[in-house]
Amino acid sequence: MLALVDCNNFYASCERLFQPSYRRKPLIVLSNNDGCVIARSNEAKALGIEMGVPLFKIRPLVERHGIALFSSNFPLYGDISARVMQVLGGMTPQLEVYSIDEAFMEVPTQDLGCFGREVHLRVRKWVGIPVTVGIGKTKTLAKVASFIGKRRNTLYHICDSKDLLQVPVGEVWGIGRAFATKLKRRGIHTAACLAGASPDQVRRLLGVVGMRTCLELRGEIAYPLEKGPEPKKNIGVSRSFSQGVTDLEVLRGAAAHFAERAGEKLRAQGSHAAGLMVFLNTDRFQPNPYFGHTHVALCTSTNRSAPLIKAACAGLVQLFRHGLKYKKLGILATGLAPIDGGSLFTPYDAKPQRMQESIDAINKRYGRHCIQSALNLRNDWLGGKNSLSNRYTTAWDELPEVS
DNA sequence: TCTGGGGTCCTAGGACCC
DNA sequence: TCTGGGGTCCTAGGACCC
């Protein structure tokens with residue numbers, strides 16, 4: 001049997017962990033630039049705040065009900081997530097960390113209820129975060145169980161066949177808006193109905209992906225538990241700007257920053273990139289937006305910041321058109337491959353490599369961005385985070401104080 | 001005025017090879 | 001007038017996830 005452990009309203013719960021006065025109060029967490037809602041406490045959900053709505057559309061509601069606002073604080077959420085996963089890792093022979101707030105695990109005992117309750121209690125006690133445990137024969141059924149558990153507000157739920165009747169087909173893991181529309185058009189409205197359909201028919205309608213979901217709902221494993229974390233096949237960094245940017249030099253600062261960040265991510269997973277895709281757009285909500293993208297090949301595969309920055313800036317200059325007001329810039333490292341020491345034909349120069357290692361060592365010891373590209377000094381593209389909480393667990397000068 | 005960021009997988013079609 | 005068969009790799013686009 002498989003369990004899905006899902007942290008309830010994860011980002012909202014993280015904020016409450018260090019500011020308990022917000023318990024039982026409506027609270028929302030906002031995306032970059034305090035733009036959209038990306039997490040809501042149950043009280044905020046009850047007020048009708050939808051996932052993903054832009055803040056400006058719900059301002060009146062926020063003020064009327066005194067809803068607490070938080071800017072997103074990913075250093076905090078990432079650290080709390082790691083603690084939750086560590087606790088889960090101690091309770092199962094096999095854990096698959098699925099996202100920042102979810103993990104699948106093999107249930108090592110016959111007593112499913114006891115296991116579900118124990119997982120909830122242990123995470124609650126050791127980390128302080130509420131989780132819902134869904135148990136089923138497949139990942140998709142564990143997801144169904146978690147859906148029911150959350151709706152009934154229980155600590156855990158074990159999937160049984162009647163549950164599928166209560167789950168709208170669009171709520172099934174793997175069925176998004178487009179698939180749900182196609183299914184409903186053919187009279188398939190619930191998970192039970194999808195499970196009852198013929199897998200071949202579902203395959204013709206939705207392709208193999210849809211068919212796998214159908215099989216999983218019937219109790220047949222199509223997505224086994226994964227062993228270790230696979231290295232990422234793409235690594236991207238992008239940001240929207242709160243104010244439109246017209247100045248190439250400001251964009252260059254942002255491009256350098258993103259390339260440096262991408263380099264950090266590449267080095268962290270031990271990969272090289274062969275190229276860099278650069279994206280530049282104007283406001284997508286205005287008429288005739290500009291969407292530019294270009295690919296820049298790197299002379300040799302690398303994960304060092306300097307050549308990545310150079311490539312990012314080269315791509316940017318290609319895409320830049322005078323007189324436009326840009327709202328978003330992004331880069332994507334492509335052609336990722338593990339570092340293998342290079343081949344006979346790749347030129348290898350140890351010096352820049354050693355320099356990168358030294359920079360990383362200094363930054364690790366004295367703080368991120370202690371040494372960085374001078375281009376990064378131009379950071380006026382950075383948007384505001386008006387309601388940012390402290391990094392309670394990852395920054396010495398922001399630790400909680402007890403008086 | 002204000003609208004997130006970071007991923008995955010599958011499929012179809014074109015280029016190219018023998 | 002007749003115009004093969006089989007394979008790989010790459011890319012773009014669409015669907016999904018949190």
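Every value quoted in this text rests on a predicted model; they were computed, and no experiment measured them. Every chain is numbered from 1, with letters handed out A, B, ... down the list of sequences. Heavy-atom basis, side chains included; hydrogens, waters and symmetry copies ignored.
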- prompt: Separation of A/L329 atom CG from B/dG5 atom C1', in whole Å?
  reply: 13 Å

Below 4.0 Å: OP1/OP2 of C/dG14 and any side-chain N or O of A/R177: no

- request: Can you spot which of A/L225, A/I221, A/T213 makes a side-chain contact (heavy atoms from CB on, under 4.5 Å) with A/K139?
  value: A/L225

- prompt: Salt-bridged, A/E171 to A/K150, with N to O below 4.0 Å?
  reply: no

- line: Whole-Å distance, A/D34 CG to B/dT3 P, equals 11 Å

field: Approximate separation, where rounding is to 0.5 Å, of A/L217 CG and A/T138 OG1
entry: 7.0 Å

- prompt: Atom CH2 of A/W173 and atom P of B/dC9: how far apart are they, to the nearest Å?
  reply: 12 Å

query: C1' atom, B/dC17 versus C/dG4: distance in rounded Å?
result: 14 Å

task: Check whether any side-chain N or O of A/K182 sits under 4.0 Å from OP1 or OP2 of C/dA15, and answer yes or no.
output: no

- prompt: Once you round to the nearest 0.5 Å, how far does NZ of A/K45 lie from CE of A/M51?
  reply: 8.5 Å

query: Are any of A/R212's side-chain N or O atoms less than 4.0 Å away from OP1 or OP2 of B/dC9?
result: no

field: A/Y98 ring over C/dC18 six-membered base ring, under 5.5 Å and 30°
entry: no

query: Taking only N and O in the side chain of A/S240, is any of them less than 4.0 Å away from OP1 or OP2 of B/dG5?
result: yes

query: Looking at A/Y22 versus A/F70, is the centre-to-centre ring distance below 6.0 Å?
result: yes

field: A/Y223 OH to C/dC17 C1', straight-line distance once rounded to whole Å
entry: 11 Å

query: Within this structure, what is the CD-to-C1' distance between A/E226 and B/dT8, rounded to whole angstrom?
result: 10 Å

- request: Could you check A/K325 against A/G207 and say which one's nearest nucleotide on DNA chain B is further toward the 5' end?
  value: A/K325

statement: Of A/K327 and A/R203, the one whose closest nucleotide on DNA chain B sits nearer the 5' end is A/K327

field: Listed nucleotide nearest any side-chain atom of A/F285, set B/dG4, B/dT3, B/dT11
entry: B/dT3

- prompt: So what does A/K265 touch, heavy atoms closer than 4.0 Å: a base, only the sugar-phosphate, or nothing?
  reply: sugar-phosphate

message: Whether A/E216 and A/K143 form a salt bridge (side-chain N of Lys/Arg under 4.0 Å from carboxylate O of Asp/Glu) is what I want to check.
response: no

- request: Would you kindly give the CG-to-P distance between A/N386 and B/dG4, to the nearest whole Å?
  value: 16 Å

message: Mind checking if A/L30 touches a base, just sugar-phosphate, or nothing, with heavy atoms under 4.0 Å?
response: nothing

field: Short side-chain N/O contact to B/dG6 OP1/OP2 from A/R239, under 4.0 Å
entry: yes

message: I want to check one thing: is the phosphate of B/dC9, taken as OP1 and OP2, less than 4.0 Å away from some side-chain N or O of A/K233?
response: yes

task: Check whether any side-chain nitrogen or oxygen of A/S242 sits under 4.0 Å from OP1 or OP2 of B/dC2, and answer yes or no.
output: no

- request: Provide the Watson-Crick or G-U wobble partner of B/dC18, both distances under 3.5 Å; none if there is no partner.
  value: C/dG5

field: Integer-rounded Å distance: B/dG6 C1' and A/I235 CD1
entry: 11 Å

task: Using only side-chain N and O atoms of A/N234, determine if any of them is under 4.0 Å from OP1 or OP2 of B/dG6.
output: no

- prompt: Expressed in angstrom and rounded to an integer, what is the separation of A/F279 atom CZ from B/dG6 atom P?
  reply: 12 Å

message: Between A/R83 and A/D79, does any NZ, NE, NH1 or NH2 come within less than 4.0 Å of an OD or OE carboxylate oxygen?
response: yes

task: Would you indicate what A/V37 reaches in the nucleic acid, counting non-hydrogen atoms under 4.0 angstrom: base, sugar-phosphate, or nothing?
output: nothing

query: In residues 40-60 of chain A, what residues come within less than 4.0 Å of DNA chain B, judged by heavy atoms?
result: A/P54, A/F56

- request: Indicate yes or no: does A/R252 engage A/E249 in a salt bridge with an N to O separation below 4.0 Å.
  value: yes

task: Determine, for A/E50 against A/K57, whether the closest basic-nitrogen to carboxylate-oxygen distance falls under 4.0 angstrom.
output: no

- request: For A/L206, answer base if it contacts any base atom (sugar-phosphate contacts may also be present), sugar-phosphate if it contacts only those atoms, and nothing otherwise; contact means non-hydrogen atoms under 4.0 Å.
  value: nothing

